[in-house]
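Here's the structure, in structure tokens; my notes come after.
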Protein chains: 2
Amino acid sequence: MFDEDQAVDAAMRVFWASGYEATSTQELCTATGLGRSSIYNTFSSKRALFDLALRRYMEQTTSAQLELIRRTDLPIRERVRQILWRAVEPDPGDPSGCLVINTVVELGPTDPELVEILDRDHAVKLKALALEIRAAQTAGEVDASRDPEALADYVYVVLGGLRVAARRGAATRVQESVIEAALHAF
Amino acid sequence: MFDEDQAVDAAMRVFWASGYEATSTQELCTATGLGRSSIYNTFSSKRALFDLALRRYMEQTTSAQLELIRRTDLPIRERVRQILWRAVEPDPGDPSGCLVINTVVELGPTDPELVEILDRDHAVKLKALALEIRAAQTAGEVDASRDPEALADYVYVVLGGLRVAARRGAATRVQESVIEAALHAF
DNA sequence: CTCGTTTTGGATAGCTCGGTCCAAAACCTG
DNA sequence: CAGGTTTTGGACCGAGCTATCCAAAACGAG
């Protein structure tokens, strides 16, 4: 009789901050305010809860990103800038970095099942962005000789790099100037 | 009476592949071929051994990178290209990604001591690269209006992003085209 | 070869881990 | 209020964790 969404949300933040292995079930209990029984009754296992948390994180971030990618009222360059800026201006109180990136790094090589989930999500964003880049090319906003998919991949590699930098605690102004440098590639 | 360097090397690869938390002392024993006693006698703790492994990794990669950065016989653009290419063409048999990036992501927010070590190393590379970029600017190779330090930061953000992509198992040709896109920013 | 030191394997300690279980409490439905 | 179901707290489980200990083996100096 508790709010499952709220519990998943709390778990998500703990995993996000500390990683999968370093997060104990005890910490999940205190973070969610629930007892062991409630958690295991509802979510079956630590791993299953992690899956839910990761999916929830992806839903939130991906939908927000797609929305931004499709803002056809903005030049593509501006949309890309804002995508990257979001990595630099996180909500205060949120853990640093990005749960998806953290998961790729920590569990990628040992958990193909997880990688597949992440890849599917990644592919959606890439495709959407490449589509918009192509449109921008026909509109003359972007050099038509460039490969739209390569550019989309590039944007997400830079975003990943920014997320890593955030985990190191890189200064905001460093990240900002990196974004401006990155936009020169367009 | 065993080869300490060899043991650190073996440990390094296990940590690199699986991360700190997910690596058990048992795995370190089998990977090094040593017994628990030998390891604890020589290295004191799992954490201390990790420190050594990380430092060793940094020594190797940083020296190689500095060497490349200072290849004044090559245009700066070419040097940057090769730095990035190394992320795409790892030695076969090496774990995917980069131990430094993995460590930043896994332990960065919870281990300031470690972050300091990583930062010092990072700063050395950044400074060296910025210096060469500045030189390239006075030589007319690079647009003089750009900030050399921002460009150096940019290169290392892209490199980090590539290392994350490698952990996901990104196709080589995707990474290649990302590098070419990234070089457009110069 | 001998004796003092170092290194080794293997048992073991002491915890914490993820996960289970069950009785009591809280909750619905009529 | 009653009765059956769901949810909860908290004791508990076996396993695996990091780290220690110690006796035997290997080593090195004289």
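Just so we're on the same page: letters track the sequence lines, and every chain starts at 1.
Nearest to the side-chain atoms of A:Ser37 among the listed nucleotides C:dC22, D:dT18, C:dG19 stands C:dC22. Side-chain proximity of A:Asn41 to the nucleotides D:dT20, C:dG18, D:dT8 is greatest for D:dT8. Here the side chain of A:Ser38 is nearest to one of C:dG18, D:dT20, D:dT8, namely D:dT8.
Under the ring pair (Phe, Tyr, Trp, His ring centres under 6.0 Å) rule, B:Phe50 has a single partner from B:Tyr57, B:Phe43, B:Tyr20, B:Trp16, which is B:Tyr20.
Between B:Glu27 atom CD and D:dG16 atom P the separation is 12 Å, expressed in whole Å. A straight line from CD of B:Gln26 to P of C:dG10 spans 11 Å, rounded to a whole angstrom. Whole-Å rounding puts the A:Glu21 CD to C:dT16 P distance at 18 Å. In this structure, OH of A:Tyr40 is placed 11 Å from P of C:dC17, rounded to the nearest angstrom. Protein atom CG of B:Leu28 is 15 Å distant from nucleotide atom C1' of D:dG16, rounded to whole Å.
By the 4.0 Å N-to-carboxylate-O rule, B:Asp73 lies too far from B:Arg79 to be salt-bridged with it.
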Quick one, B:Gln82 with B:Arg71, criterion side-chain hydrogen bond (donor to acceptor under 3.5 Å, both in side chains). Give me CA distance, side-chain angles, the key distance, then yes/no.
CA-CA 11 Å; B:Gln82 289 196 23; B:Arg71 283 280 300 278; 5.2 Å; no
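Mapping A:Thr25 and B:Gly33 onto DNA chain C by nearest heavy atom places B:Gly33 closer to the 5' end of the strand. Between A:Arg36 and A:Thr42, the residue whose closest nucleotide on DNA chain D is further toward the 5' end is A:Thr42.
A distance of 11.5 Å separates CZ in B:Arg47 from CG in B:Leu49, rounded to the nearest 0.5 Å.
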